[in-house]
Amino acid sequence: MKFVFAIVIIALSILGIGLERCDCKTVQFIFGDSLSDVGNNIYLSKSLAQASLPWYGIDMGNGLPNGRFSNGRTVADIIGDSMGLPRPPAFLDPSLTEDVILENGVNYASGGGGILNETGSFFIQRFSLYKQIELFQGTQELIRSKIGKVEAEKFFQEARYVVALGSNDFINNYLMPLYTDSWTYNDETFMDYLVGTLQVQLKGLYGLGARQLMVFGLGPMGCIPLQRVLSTSGNCQEKTNKLALNFNKASSKVVNDLGKQLPNSSYRFGDAYDVVNNVISNPSKYGFDNADSPCCSFGRIRPALTCIPASKLCKDRSKYVFWDEYHPSDKANEMIATELIKKFGFKRVHQTQSPSPSPELAPSPTSDD
């Protein structure tokens, strides 16, 4: 009799009966690079890709660095806020628990990370997309142990998923002769390799329960300040922009095809290339004064690569498209997010989080520009 009772208890445990019940919220799981990182790299002590010093985060919360590679919010922050979803904390945040995951989701994004494992290796520590998916699998095990298999499956299938990587696979891999991919492939074969890898990864996420997934495309990465300053003319590098356009075309087809093939899936591709390109081409039309240099820079020494305490800041951060050599400003991210919200057809709900304070409220040194 005791043996039979034990078997029943084990069976109930597998089904989730007797475990904690979950009145689960809809949360987000975010996979990305520095454009979506909210602090993971701060906890990677050997990483050379960090946003841990002032003036990062100056226009958000208490104005201190929070791991975001911007003066304020990320695009994922803004889109999630508009949908009434909680902001997921960094996976490596020491305060992360099963309860926090059930309440807020998780952000696995890592500065320097790419779709390919080899991308960004010179940053020493970073999470590639494969690694981020592996960490997500560990998260699933934790949640299953807390609320049971059935409840956990429901929780993960009802969650929202964001995948936003790719620029590092070009800028910090294929376009740099330090990486073997730069001489192993040509433009066409590298694109096939990259997008083919992404397709496998997206299918893998579906197998792990991702049913509602957004994939962000690339902007005109040949126009980021770093690419401009490394060119002889100071203009956008058109070869790099062409690679971004080709990536968007190929990956959008993959995402759309998967959305048709995978049962009960809603896979959508968000492309903001055109609107960002329009802003860079005609910044004043969109309320910006500068679209070719970073707000945070080391005077005339370019490129400084990262924003540091000794850097000088522009007078009005809301007038600059770029915050540092790589990353958009909070204001630019807001514009990009607004465009993606329109393309995805999302309905805005009551905002649950306070937006960034207006830049003029945050004291800082300014440049003479």
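By convention here, the first residue in the shown sequence is residue 1. Keep in mind it's a predicted model, so treat the numbers as computed, not measured.
Salt-bridge formation is not detected for the pair E153/K149: no Lys NZ or Arg NE/NH1/NH2 atom is positioned less than 4.0 Å from an Asp or Glu carboxylate oxygen. Using a 4.0 Å cut-off between a side-chain N of Lys or Arg and a carboxylate O of Asp or Glu, E325 and R302 qualify as a salt bridge. Between K343 and D271 no salt bridge is recorded (no basic side-chain N to carboxylate O distance below 4.0 Å). A salt bridge links R68 to D77: one of the charged nitrogens lies within less than 4.0 Å of a carboxylate oxygen. The pair R73-D59 does not meet the salt-bridge criterion, since no charged nitrogen lies less than 4.0 angstrom from a carboxylate oxygen.
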(Q) For K154 and E151: C-alpha separation, side-chain torsions, deciding distance, then whether salt bridge (charged side-chain N to carboxylate O under 4.0 Å, His left out) applies. (A) CA-CA 5 Å; K154 181 174 182 287; E151 288 282 333; 5.8 Å; no
Q: For the pair C314 and C295, evaluate disulfide bond (SG atoms under 2.5 Å apart) and give the outcome as yes or no after the intermediate values.
A: CA-CA 5 Å; C314 60; C295 171; 2.1 Å; yes
Q: Could you please spell out the steps behind the ring-ring contact (aromatic ring centres under 6.0 Å, His included) verdict for Y286 and F288?
A: CA-CA 6 Å; Y286 297 87; F288 293 97; 7.7 Å; no
Q: Step by step, work out the side-chain hydrogen bond (donor to acceptor under 3.5 Å, both in side chains) result for N173 and D181.
A: CA-CA 7 Å; N173 184 355; D181 284 355; 3.0 Å; yes
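Of all non-hydrogen atoms in P89 and L96, the two that sit nearest each other are CG-CD1, 3.7 Å. Considering all non-hydrogen atoms of both residues, I79 and A337 come closest at CG1-CB, 3.8 Å. Of all the heavy atoms in G222 and N241, the pair that sits closest is N-OD1, 2.7 Å. Closest heavy-atom contact between F344 and F216: CE1-CE2, 4.0 Å.
Open room surrounds CZ on F298; 12 or fewer heavy atoms of other groups in view lie less than 6.0 Å from it. Surrounding CD of Q137 are more than 12 heavy atoms belonging to other residues, nucleotides or ligands, all under 6.0 Å away.
A 4.5 Å side-chain heavy-atom check between P177 and W183 finds every atom pair outside the cut-off. In this structure the side chain of I280 reaches within 4.5 angstrom of the side chain of P220, judged on heavy atoms. Residues W323 and R317 form a side-chain contact, since some pair of their non-hydrogen atoms from C-beta on lies under 4.5 Å apart. Counting only heavy atoms from C-beta outward, the side chains of Y193 and T189 never approach each other to under 4.5 Å. Between F247 and K242 the shortest side-chain heavy-atom distance does not fall below 4.5 Å. For the pair T180/Y185, no side-chain contact is recorded, criterion being any heavy-atom separation below 4.5 Å from C-beta on. Between Y273 and L245 the shortest side-chain heavy-atom distance falls below 4.5 Å. Side-chain contact between V215 and L213 is present, with at least one heavy-atom pair separated by less than 4.5 Å.
Remark: of the listed residues I115, I30, L202, L202 is the sole one forming a side chain to side chain contact (heavy atoms under 4.5 Å, CB included) with V163. Of the candidates Y326, Y56, F69, T306 forms a side chain to side chain contact (heavy atoms under 4.5 Å, CB included) with just one, namely Y56. R87 pairs with exactly one of D81, T74, N107 by the side-chain hydrogen bond (donor to acceptor under 3.5 Å, both in side chains) rule, that one being D81.
Disulfide criterion (SG-SG under 2.5 Å) for C223 and C236: met.
One hydrophobic cluster, built from ILVMFWY side chains closer than 4.5 Å, cannot hold both M176 and I171; they sit in different ones. Hydrophobic clustering of Ile, Leu, Val, Met, Phe, Trp and Tyr side chains at less than 4.5 Å, counting indirect connections, keeps L35 apart from F91. Using a 4.5 Å cut-off between side-chain heavy atoms of Ile, Leu, Val, Met, Phe, Trp and Tyr, with links allowed through other members, F190 and Y179 fall into different hydrophobic clusters. Cluster annotation: F123 is not connected to L44 through the hydrophobic network of ILVMFWY side chains, with a link wherever side-chain heavy atoms come within less than 4.5 Å. Follow the hydrophobic side-chain contacts under 4.5 Å out from F346 and you reach V275 in the same cluster.
Distance check, rounded to the nearest 0.5 Å: CG of D99 to CG of N104 gives 10.5 Å. With rounding to the nearest 0.5 Å, the separation of OG1 in T139 from CZ in F156 is 6.5 Å. Between the SG atom in C296 and the CH2 atom in W55 there is a gap of 9.0 Å [rounded to 0.5 Å]. Taking OG of S252 as the reference point, atom CG of D257 lies at 9.0 Å (rounded to 0.5 Å). Within the model, atoms CG of L165 and OG of S36 stand 7.5 Å from one another, a figure rounded to the nearest 0.5 Å. For the atom pair CG of N248 and CG of D274, the computed distance is 9.0 Å after rounding to the nearest 0.5 Å.
Using modelled atom types and a 3.5 Å distance limit, the side chains of Q237 and S231 yield no donor-acceptor pair. Using modelled atom types and a 3.5 Å distance limit, the side chains of S110 and N40 yield no donor-acceptor pair. S293 and N290 share a side-chain donor-acceptor pair at under 3.5 Å.
Taking the six-membered ring where tryptophan is involved, the planes of F136 and F31 are perpendicular, since the angle between them exceeds 60° and thus also 30°.
Although no hydrogens or angles enter the test, the distance criterion places no donor-acceptor pair under 3.5 Å between the side chain of E339 and the main chain of A272.
No cation-pi contact links R160 to F29, judged by a cut-off of 6.0 Å to the six-membered ring centre and 45° from its axis.
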